[in-house]
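Worksheet: one structure, shown below.
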Amino acid sequence: AQSVSQHNHHVILSEAASLELGCNYSYGGTVNLFWYVQYPGQHLQLLLKYFSGDPLVKGIKGFEAEFIKSKFSFNLRKPSVQWSDTAEYFCAVNSRGSQGNLIFGKGTKLSVKP
Amino acid sequence: DTEVTQTPKHLVMGMTNKKSLKCEQHMGHRAMYWYKQKAKKPPELMFVYSYEKLSINESVPSRFSPECPNSSLLNLHLHALQPEDSALYLCASSQDWGQDYGYTFGSGTRLTVV
């Protein structure tokens with residue numbers, strides 16, 4: 001079955017530090033990849049998505065992600081985090097293997113210290 | 001209108017009550033979804049409706065009963081729930097059901113079963 005792995009459960013950074021959150025998926029065919037953010041007490045918001053084309057995707061709030069097909073990875077990056085980036089981050093994938101359904105990773109909690 | 005609207009935002013119900021959650025979108029999306037999210041866990045797919053027909057039921061107990069009265073509305077009828085059903089219930093929609101479409105999520109209904 002298709003699965004999504006986020007290896008970091010909780011990441012703690014100071015403001016202005018650089019961020020990289022890992023995401024790996026298990027499906028070998030064509031995939032669409034997403035990063036969602038969930039601020040405390042709020043709903044899921046789409047940060048960025050990859051369907052095809054340039055594997056380096058830029059999203060909102062200064063986030064970007066790189067799709068590396070050979071590594072089955074879609075890591076999220078931000079050069080300089082802010083306290084307001086404190087949130088839960090979910091990687092998600094859909095594919096023919098999931099019948100188009102969105103499968104989420106377990107999430108990574110990011111805490112940014114002011 | 002680029003939103004998915006869910007009502008109510010909060011709901012407390014007893015184990016013998018019957019209640020309904022409502023989801024509405026006016027983006028012309030033809031696929032709608034119910035997800036369940038427990039605290040500190042990723043969203044888990046419950047149901048998929050495509051063109052107002054139930055396409056996927058992820059082995060959800062019959063005390064949860066979805067309904068799609070028209071292409072803009074998706075309801076989730078609740079009856080005889082258990083305390084472990086307490087969770088955030090998320091509705092989402094996409095242009096169509098399949099691999100090539102991103103999802104828009106609503107803000108969710110936070111359900112507490114007492």
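Each chain gets a letter, A, B and so on, in the order its sequence line appears, and its residues count up from 1.
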> Is there any salt bridge (charged side-chain N to carboxylate O under 4.0 Å, His left out) pair reaching into residues 45-55 of chain B, and which pairs are they, with sequence neighbours excluded?
Replying inline: B:Arg30-B:Glu52

> Looking at A:Gln6, A:His7, A:Lys71, which hits side-chain hydrogen bond (donor to acceptor under 3.5 Å, both in side chains) with A:Asn24?
Replying inline: A:His7

> Would a line drawn from the ring center of A:Phe34 to the ring center of B:Tyr103 be shorter than 6.0 Å?
Replying inline: no

> Should A:Tyr39 and A:Leu21 be counted in the same cluster of Ile, Leu, Val, Met, Phe, Trp and Tyr side chains packed under 4.5 Å apart?
Replying inline: yes

> Going hydrophobic residue to hydrophobic residue with side-chain gaps under 4.5 angstrom, can you get from A:Leu56 over to A:Phe74?
Replying inline: no

> Do you know which of B:Glu24, B:His29, B:Glu3 makes side chain to side chain contact (heavy atoms under 4.5 Å, CB included) with B:Ser93?
Replying inline: B:His29

>> Hydrophobic clustering (ILVMFWY, side-chain heavy atoms < 4.5 Å, transitive) - are B:Val4 and B:Tyr49 grouped together?
In response: no

> Which pair of heavy atoms, one from B:Lys9 and one from B:Ser107, lies closest together, and at what distance?
Replying inline: NZ-OG, 3.6 Å

>> Filter on salt bridge (charged side-chain N to carboxylate O under 4.0 Å, His left out), then keep only pairs touching residues 104-113 of chain B, sequence neighbours left out; what's left?
In response: none

>> Restricting to non-hydrogen atoms, name the atom on A:Leu48 and the atom on A:Leu46 that form the minimum distance, rounded to 0.1 Å.
In response: O-CD1, 3.4 Å

> Is any residue of residues 62-86 of chain B within less than 4.5 Å of chain A by heavy atoms, and which ones?
Replying inline: none

>> Between A:Gln38 and chain B, with a heavy-atom cut-off of 4.5 Å, which part of the residue counts as in contact: side chain, backbone, both or neither?
In response: side chain

>> Just to be sure I understand the criterion: a residue of residues 39-47 of chain B counts if one of its heavy atoms is under 4.5 Å from a heavy atom of chain A. Which ones qualify?
In response: B:Lys41, B:Pro42, B:Pro43, B:Leu45

